[in-house]
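First listed ligand is number 1; within each ligand, the first listed atom is number 1. Index from 1, following the sequence.
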Amino acid sequence: MVGNACENELVSSSLESAQQCLFNQDYGTAFVHYLLVLNLAPVFKDFAKESFRFTLFKWTEELDSVGRIQDLFDCYEQALELFPADEVILNSMGEHLFRMGFRDEAAGHFHKALKLRPDYPEARENFYRVANWLVERWHFLMLNDRGRNRKYQQAIQKAVQSGCNTVLDIGTGTGILGMCAKKAGAAEVYACELSKTMYELACEVVTANGMDGCIKILHMKSLEMEVPKDIPHRVSLVVTETVDAGLFGEGIIESLIHAWRHLLLPPQSATGRVIPAGATVFGMAVECLEIRRHHRLCVSEVGSLSLAAAGELRSPVSCSSEPDDSMEPYTTERLSRLPGGYKPLTEPFTALNIDFNNVQELEGLSSREVQKIHLPVTQEGELDALAVWFQLHLDEESSLSTGPQEDTCWEQAIYPVHSTKDELIVEVSCRDAYLRLCSVAVLRDGHEIRLDKRVDSQYTGNPISNQNPEAELCSALACLQTNQNQTKDFSMLECSEMALLNNHDYHQSFCSALAKLMSQLKVKWQNQERGSGVQSDSSDLLYVLDVSEGFSLLSLIAASHGHVKAYSSVEKKKQQEVLKRLARSNNIPEQHLEFWLNHVDDEHGILQRPSREKLWSAIILDCVETCGLIRQKLMEKASLARCLLEEGGRIFPEKIVVHGMLVESDTLLLESAVQGQEPTLGFNIAPFINQFTVPVHVFLDFSTLECRHLSECVELFVLDLMDATANYTNREVKVQATSAGRITAIPFWYHIYLDQEISVSTLSKNSHWKQAAVVLQQPLEVQAGDWVRLAVKLHKSTISMSAHIDNETRPMEQ
Ligand code: 44T
C-alpha cells in the first residue's frame with residue numbers, strides 16, 4: 001500500500017513535470033517523464049497519448065538535427081513498446097528510417113501502419129513510395145509469365161523424378177520454385193531469400209499452401225549458408241532464378257561456386273545438379289537515339305550557352321576494366337519498347353557460353369582470356385550500344401530466352417558506348433561490310449591505342465608507352481565501351497540529367513520565358529523611377545534562384561542575360577566546377593553566380609538562403625520528377641517561394657496542367673499485380689504478393705506502351721503555383737470514350753507552363769521525363785460514346801484517380 005502510494009505520487013509529479021517541460025519546450029526531459037509515467041501507470045496512456053506523441057516527434061526532431069541517430073531510434077523503440085499499435089508513431093519512425101536509407105525497414109513500418117489503419121493517407125502514400133523497392137515490379141511480370149512458370153516447373157519435376165530428392169531454392173522470392181519441387185515429390189526442400197520482405201512473403205505463401213512443415217525457408221544469402229548449421233546435409237538439386245537482364249547481376253556465378261563447394265552433392269554422384277544447367281549470352285551492336293541521348297552529350301549548345309567547355313560528361317553506366325562502385329556496367333531496357341526504336345548494326349553474336357554444372361568452368365570464368373569477336377556489320381549506322389540478352393538452358397531440352405524479339409517479360413542489358421572525346425576508329429571494308437575488331441583503334445587525347453597488338457609493334461607514328469602489350473590490349477578492349485577512370489578527368493551525370501542537357505527545347509523555353517520576365521521587370525522599374533523621380537541604382541540586379549534537383553544549367557542561362565544574379569544549389573563539387581567552367585567560357589561574370597553545395601534534400605532551407613534584403617525576381621522550381629510524378633511537397637515549396645518574390649516576380653513554372661487518357665493496357669496490368677483467378681502453377685500466391693500492388697505506375701513510356709486509346713487526351717487537373725487557393729484537392733472530370741473497351745489505366749503527364757504562353761510537355765519526344773499511370777483497381781467496360789466520370793484527387797502532391805460510368809449520360813439500354 002505504502003509502495004503504491006509512493007508510486008502514485010511519483011506518477012503524478014512526473015506527469016506534472018512532463019507537462020511543464022513540454023510547455024517550456026524542453027522536449028528531452030518531457031519525454032523521459034512521460035516514459036516513466038506511462039510505464040508505471042498505463043492507465044494514463046489514453047489521456048497522455050497525444051502529448052506523448054507530440055513530445056516524441058519534437059524531441060526526435062532535435063536529436064535528428066544534431067545527428068544523435070541511435071538515441072532517436074531508441075526513443076522510437078521505447079515509444080513503440082508503450083504503443084505498439086500506434087500507426088502514427090510507426091509511420092513517423094518509418095519516415096526517419098527512410099531518410100536514413102533503411103528502406104526495407106522503413107517499408108515494414110509503413111506497411112504495419114497501413115494494416116492498422118488502411119485509410120491513413122500519410123502511411124498509404126509512404127507505403128506506395130517504397131513498395132516498388134520492397135517487392136520489385138518484375139515479380140508480378142514473372143509470376144504472370146505462364147511460359148516461364150511452366151518450363152521451370154517441368155524441368156524441376158523431371159529432375160526430382162530422376163532422383164534429385166533434396167532441393168535448395170536459392171533466392172526463392174515468393175517460394176514458387178521450392179513449392180514446385182515439393183509438389184514434384186522431393187523429400188526435403190530448403191529455400192533461402194536475402195530480402196526480408198520477400199522472405200516474410202515466402203513464409204506466408206508456403207503456409208497458405210499447406211507446406212509450412214515441408215519447406216524450410218531461411219532468411220539469408222546463400223553464400224552464408226553452411227552444412228550442417230543451416231541445412232543438415234548437401235542437396236542433390238539447386239534451383240534458382242537469380243539472374244537479371246545482364247545474367248550475372250544477381251551474383252549467380254558466385255552463388256553457384258559457393259553452392260558447388262559447400263551445399264551441393266558432387267556432380268559425379270550423378271545427382272548433384274543445378275537448374276538452370278547453363279546459359280548462352282548474346283550481343284548485338286545497335287544504333288539507338290533514345291539510348292544515345294541518355295548517355296552522352298549530343299548537343300553543343302543549349303539555351304544560348306555553349307557547352308564546349310563542359311569537359312567530358314558521361315552517364316554512370318560505363319563498363320571499365322577496373323570495378324568502380326560509382327559506375328554501373330550496364331542499364332536495362334526493353335528494346336522493343338524504346339521510343340524511336342533501334343537499328344541493329346550487326347547480327348546477334350554469341351558472347352559467352354557457361355555451364356552451371358561445371359564448377360571449374362564457373363571458377364575460371366573471371367580469368368578467361370579476353371575474346372576477340374569479329375562482327376559482320378549488316379547495316380551502316382552510329383554505334384550507340386551493345387545490347388545483351390541470353391538463353392537460360394533449364395536442362396538439355398528446355399530453355400528460356402530473354403531476347404528482344406521474344407514475347408517475355410524480360411528486358412535486355414544495354415552497354416552504352418559513350419565516348420564523347422574518344423573517337424572510335426573503325427575500318428569497315430565495303431565489299432563484305434565486315435567490322436573487324438582487330439582494326440578498331442581508340443583515339444584519346446591524341447594518343448591512338450590500337451587494338452591489334454601486331455599493328456602496335458610496327459606502329460611508329462604514335463608510340464605507346466605501355467610496356468605490357470597484354471595489359472595494353474585488355475585496357476584497349478575496355479576502352480571500346482568507355483574511357484578509363486584513372487586516366488581521365490570527367491564528370492558524371494545521371495542518365496536523366498544527360499537527357500535533360502540534350503533537351504534543347506526545354507532550355508530554349510526557359511531562355512525565352514526568362515527574357516520575357518526580365519524585360520517586364522525592367523519596364524516596371526523604369527516606370528517606378530519615372531514616377532518617383534529617383535534614379536535607380538545602376539547595380540540593381542534581378543535575382544534568380546534555381547532550386548532544381550540535380551544538374552541544372554538554368555542559373556547560367558539566367559545569368560547570361562546580364563543584369564542578373566543567379567543562385568543555385570549543386571549536388572556535387574565536380575558539377576559545380578563544370579558550371580563555373582561553363583560560366584567562364586560563356587563570359588558570364590563570376591560575381592553574377594553563386595552556387596552552394598546541397599547534400600541534404602531540404603529545399604526549404606535553400607529557399608530561405610541566402611539572407612538578403614532583396615526579394616527574388618524569379619524562383620525556378622523543379623516540379624516533376626523523372627519518374628513522372630509531381631515532386632513531393634511541391635505545393636509547400638511554391639507557397640514558400642511566393643512569399644519570397646518581389647512584386648512582379650515569378651515562380652517558374654507558374655502552372656502545371658495534368659493531362660491524361662483512358663486506355664486499355666494489359667501490359668500495365670501484368671506489371672501491377674498477379675492477374676486472373678487461376679492459381680499460379682496450382683499455388684495460391686496472388687493474394688499475398690498483390691498486397692504490394694501500387695495504384696500508380698511510374699517510369700512509363702507512354703509513346704511505346706502497348707495499349708488501345710479509349711479516349712482523347714483530357715485535362716485532368718490544374719496546379720496553379722502562383723495561387724494556392726486555386727488548387728483543387730478533388731475534381732471531377734468527364735471524359736467521353738471514343739471506342740469500346742476495358743479501361744484498365746489512365747496514363748498522365750504534364751504541360752508545364754513557364755508563363756501564359758510558353759510551356760514544356762513532359763510527353764515531348766526529347767523529354768527527360770517519363771510518364772506515370774494510374775492503374776484502376778477494377779477494369780471498367782465502356783462503349784463508344786459513354787461518358788466516364790473521373791474522380792481526380794490530389795493529396796500532398798500525390799495524384800489518385802477512380803473512374804465510373806456516368807449513368808446520367810448513358811442512354812438507357814432497351
Ligand atoms: N529481374 C529481372 C531479376 N537473391 C530477376 O532477393 C525480368 C527486371 C527483370 N537470395 C524487368 C523484368 C525482369 N541468396 O528476391 C530476389 C533476391 C534473391 C538471393 C539468397 C542469394 N545469393 C540471392 C541472390 C538473389 O533472389 C530473388 C530473385 S533475384 C533476381 C530475379 C522478369 N526488370
| Who are the side-chain hydrogen bond (donor to acceptor under 3.5 Å, both in side chains) partners of His233, not counting sequence neighbours? | Glu188

| Aromatic plane relationship, Phe390 with Trp410 - under 30° parallel, 30 to 60° tilted, over 60° perpendicular | perpendicular

| query | How are the rings of His262 and His258 set to each other: parallel, tilted or perpendicular (split at 30° and 60°)? | reply | tilted

| request: Just jot down the ring-ring contact (aromatic ring centres under 6.0 Å, His included) partners of Phe683, sequence neighbours excluded, or say none. | output: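 ring-ring contact (aromatic ring centres under 6.0 Å, His included) check on Phe683 returns nothing, list empty.
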
| request: Only pairs at least two apart or in different chains count here, so list each salt bridge (Lys or Arg N to Asp or Glu O under 4.0 Å) that has a residue in residues 191-206. | output: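 Every pair satisfying salt bridge (Lys or Arg N to Asp or Glu O under 4.0 Å) with a residue in residues 191-206: Lys196-Glu200.
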
Could you give the N/O to N/O pairs under 3.5 Å linking ligand 1 and the protein, each with its distance?
residue  : atom   : partner : partner atom : Å
ligand 1 : 6 (O)  : Glu193  : OE2          : 2.6
ligand 1 : 10 (N) : Leu194  : N            : 3.4
ligand 1 : 14 (N) : Ser222  : N            : 2.9
ligand 1 : 15 (O) : Glu193  : OE1          : 3.0
ligand 1 : 15 (O) : Glu193  : OE2          : 2.9
ligand 1 : 22 (N) : Ser222  : OG           : 3.1
ligand 1 : 22 (N) : Ser255  : OG           : 3.3

| said: With side chain to side chain donor-acceptor pair (under 3.5 Å) as the criterion, how do Asn353 and Thr280 come out once you've worked through the C-alpha distance, each side chain's angles and the decisive distance to 0.1 Å? | reply: CA-CA 5 Å; Asn353 249 307; Thr280 307; 2.8 Å; yes

